[in-house]
Amino acid sequence: MSAAPELVTDDGEFVRVCRVDELPEKGAAAADINGTIVAIVRTESGSIHAVDDTCSHANVSLSEGELDGCTLECWLHGSRFDIRTGEPSGPPAIIPINVYPVRVENDEVFVGTTPLNA
């Protein structure tokens, strides 16, 4: 990931996080966006999403979990979250996680600082 996020103001606040080629081809990487740790997720089809990196059940890093389609699974207890909506798909997690807007411009990934589902 990039060393220092760059704040970009255009249609709201977005932070430049990394280049697309710095992400795993399929999976997640953590990024610090103004003090909030966010999982930047690239699916097998190449779509890029951003969600809170902390599992709402066990307070551990979701970017260390497994990605299955558009579902990110927590490595500790198996909670699963839809990376498009933040909704858990079953116990033990019952509380959704935040989802952030993502823009890709010229192979650069920008993440919004305000959650879509806040």
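- In this structure, the side chain to side chain contact (heavy atoms under 4.5 Å, CB included) partners of Thr36, at least two apart in sequence or on a different chain, are Val38, Asp52, Tyr100.
- Applying the side-chain hydrogen bond (donor to acceptor under 3.5 Å, both in side chains) rule to Ser47 yields the partners Thr43, His49; only residues at least two apart in sequence or on another chain are considered.
- The salt bridge (charged side-chain N to carboxylate O under 4.0 Å, His left out) check on Asp21 picks up Arg19, with sequence neighbours excluded.
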May I have the list of side-chain donor-acceptor pairs in residues 67-76 shorter than 3.5 Å, sequence neighbours left out?
{"residue": "Glu73", "atom": "OE1", "partner": "Arg80", "partner atom": "NH1", "Å": "3.0"}
{"residue": "Trp75", "atom": "NE1", "partner": "Ser61", "partner atom": "O", "Å": "3.3"}

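- With sequence neighbours excluded, the residues forming a salt bridge (charged side-chain N to carboxylate O under 4.0 Å, His left out) with Glu108 are Arg16, listed by chain and number.
- Applying the salt bridge (charged side-chain N to carboxylate O under 4.0 Å, His left out) rule to Arg84 yields the partners Asp82; only residues at least two apart in sequence or on another chain are considered.
- A 4.5 Å side-chain heavy-atom check between Ile40 and Leu23 finds at least one atom pair inside the cut-off.
- For the residue pair Ser63 and Ala39, the shortest heavy atom distance occurs at CB-CB, 4.1 Å.
- Applying the side chain to side chain contact (heavy atoms under 4.5 Å, CB included) test to Ile95 and every residue at least two apart in sequence or in another chain returns Ser56.
- Here Thr54 pairs with Asn59 under the side chain to side chain contact (heavy atoms under 4.5 Å, CB included) rule; sequence neighbours left out.
- Partners of Val99 under the side chain to side chain contact (heavy atoms under 4.5 Å, CB included) rule, at least two apart in sequence or in another chain, are Val51, Leu116, Asn117.
- You'll find the side chain of Arg42 stays beyond 4.5 Å of the side chain of Lys26, heavy atoms only.
- The closest side-chain heavy-atom distance from Val111 to Ile33 is below 4.5 Å.
- Note: Ile37 CD1 to Leu62 CG = 12.5 Å, rounded to the nearest 0.5 Å.
- Side-chain contact between Phe81 and Cys55 is present, with at least one heavy-atom pair separated by less than 4.5 Å.
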